[in-house]
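What follows is a single structure, written as structure tokens, with notes after it.
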Number of protein chains: 2
Amino acid sequence: MRENKYLQIYNEYSNQIHSGQLLPGTKLPSESELAEAYTTSRETVRKALNLLFREGYIHKIKGRGSFVLDMTRMDFPVTGLISFKEMADTLGTASRTLVERTIQEPAGSAIARHLQIPPETLIWKVVRAREIEGERIILDKDYFRADIVSFLSEEIAEGSIYEYLELELGLKISYAKKLISVEPSTEEDHRLLDLKNFTHIVVVRNYVYLENTVLYQYTESRHRLDKFQFVDFARRVRR
Amino acid sequence: MRENKYLQIYNEYSNQIHSGQLLPGTKLPSESELAEAYTTSRETVRKALNLLFREGYIHKIKGRGSFVLDMTRMDFPVTGLISFKEMADTLGTASRTLVERTIQEPAGSAIARHLQIPPETLIWKVVRAREIEGERIILDKDYFRADIVSFLSEEIAEGSIYEYLELELGLKISYAKKLISVEPSTEEDHRLLDLKNFTHIVVVRNYVYLENTVLYQYTESRHRLDKFQFVDFARRVRR
DNA sequence: CAGTGGTCTAGACCACCCT
DNA sequence: GGGTGGTCTAGACCACTGC
């Protein structure tokens, strides 16, 4: 058994729902039936179904059963910011990443406050502009603690820094907090983005924590007003 | 046993963490110890701990234990829009709700599209302006299917419509989807809000579904740019 | 190595829904 | 009353961390 049993059940159903093999409204087999079908226990089936529920694939009603929800109206991803890559992929449009800068320097007071470190601590700073359909509409400014991320390069910044950190460096990300607000655009925004004459810009601040609860990354993602969209999907928690 | 055992454990710990009795970094007793202490099974303890984990109270590391996280840096609520009432409460400032309109009328094409109903369907429309510190900064436009919410009044609209629906009408809300974007402000925005000379406005569209997956409510919450803030807290899901 | 959390089992009783 | 999901139990084995 390479994969956890409950993940196997989860994957089979999430794939079938995504691909449209299971239509919205379809009633899933009961938990007991699923347990028998997968030769497992009901609690393991419930683990899979609860995952499907939390991710917005299905819907459970006590006494009635579990039913497939309509994902097509959910706009991917079900929750969270539509990232640059996802946005480009979804739109199927030409997109480019322009690395403006990749340097190591002392944090300085502003970044030090965000990362909760002394201002003289060394950090990696990566500034990237995101271009979609010929327009630079997102400015990503990433800051990493250099004592945790020892090396970065322009090549890495052009690809997925995220994959580099997780796969190459083996950093285990535990959780992240996002703060979204709208602020006056700066001179830098106008210089690096095609801002038209928008006076404001959407700022998404992202604080990323490792498994040992260390805050090691702060990202400021600055989006042109007219191209910003955020989706939030919330299950009702009864307590 | 009035309350579920796992909720009891969850509540005791979430309260202690909130109140500061348990400081960040504190190691919780092991799952086996907790099971013994609460005279319950380990799986039940795990249910409580997983809730605490998902809500951002604690942090679990395989082989080491569970640890209290620093909630103070999380800004309440841990995830979601800072609602009008929470905002006012947190700021401890004077706030008012001004009900502009409470009427029943046919949906019309735009609202019909949002609610996925025929345009001639009757709906309740409630328009409210939210005033904080003497400034009207949020415009809430709620639309309810009249075949589900049979009656509304200005008195109800002045209080919490939400409580009326859940407690009085017994409507069971299952899930909701939010879409956040920034759009040009309308003439209505300027008429009903103190918009200064902002040309744009943050629009939060909220689609609310009942337990039977019926979309029964659509809310458009229009926030003045400079007063908008959204918090998103995400656990990393390993798969 | 002992201790920890992650997965899994094979039962049980309950609350709820529909007919 | 029969079927469903929600809770709970008392075990078991595993993978991972620390000493």
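Order of the sequence lines sets the chain letters (A, B, ...), proteins ahead of strands, with each chain counted from 1. All heavy atoms count here, side chains included; hydrogens, waters and symmetry mates do not. All of these numbers come straight from a predicted model, not from anything done at the bench.
- Non-hydrogen atoms lying under 4.0 Å from DNA chain C are contributed by A:T39, A:T40, A:S41, A:R42, A:E43, all within residues 33-43 of chain A.
- Each of D:dG18, D:dG5, C:dC18 was ranked by its minimum atom distance to the side chain of A:E31; first place goes to D:dG5.
- At least one side-chain nitrogen or oxygen of A:K5 sits closer than 4.0 Å to the OP1 or OP2 atom of C:dT9.
- OP1 and OP2 of D:dC8 both lie 4.0 Å or more from every side-chain N or O belonging to B:Y6.
- Residues forming a side chain to side chain contact (heavy atoms under 4.5 Å, CB included) with B:E36 (at least two apart in sequence, or on another chain): none.
- Residue B:S66 places no side-chain N or O under 4.0 Å from the OP1 or OP2 atom of C:dT4.
- Exactly one of A:Y209, A:Y207, A:F144 qualifies for a ring pair (Phe, Tyr, Trp, His ring centres under 6.0 Å) with A:Y218. That residue is A:Y207.
- One finds no side-chain N or O of A:K47 lying less than 4.0 angstrom from the OP1 or OP2 phosphate oxygen of C:dC8.
- The main-chain N or O of A:T39 is found under 3.5 Å from a side-chain atom of A:K5 such that the two form a donor-acceptor pair.
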Between side-chain atoms of residues 117-125 of chain B and protein atoms elsewhere (two or more places apart, or another chain), which donor-acceptor pairs fall under 3.5 Å?
{"unit_1": "B:T121", "atom_1": "OG1", "unit_2": "B:P118", "atom_2": "O", "d": "2.6"}
{"unit_1": "B:W124", "atom_1": "NE1", "unit_2": "B:V149", "atom_2": "O", "d": "3.2"}
{"unit_1": "B:W124", "atom_1": "NE1", "unit_2": "B:S150", "atom_2": "O", "d": "3.3"}

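- The side chain to side chain contact (heavy atoms under 4.5 Å, CB included) search around B:S30 returns B:S32, B:E33, not counting sequence neighbours.
- Distances from the side chain of A:N4 to the nucleotides C:dC8, D:dT7, C:dT4 place C:dC8 closest.
- Stem analysis of DNA chain D (at least three stacked-register Watson-Crick or G-U pairs, each with both distances under 3.5 Å) gives C:3-18 with D:1-16.
- Checking side-chain atoms of B:R130 against main-chain N and O of B:D140 turns up no donor-acceptor pair under 3.5 Å.
- Under the side chain to side chain contact (heavy atoms under 4.5 Å, CB included) criterion, A:T219 pairs with A:D142, A:N206, A:Q217, sequence neighbours left out.
- Residue A:T44 places at least one side-chain N or O closer than 4.0 Å to OP1 or OP2 of C:dT9.
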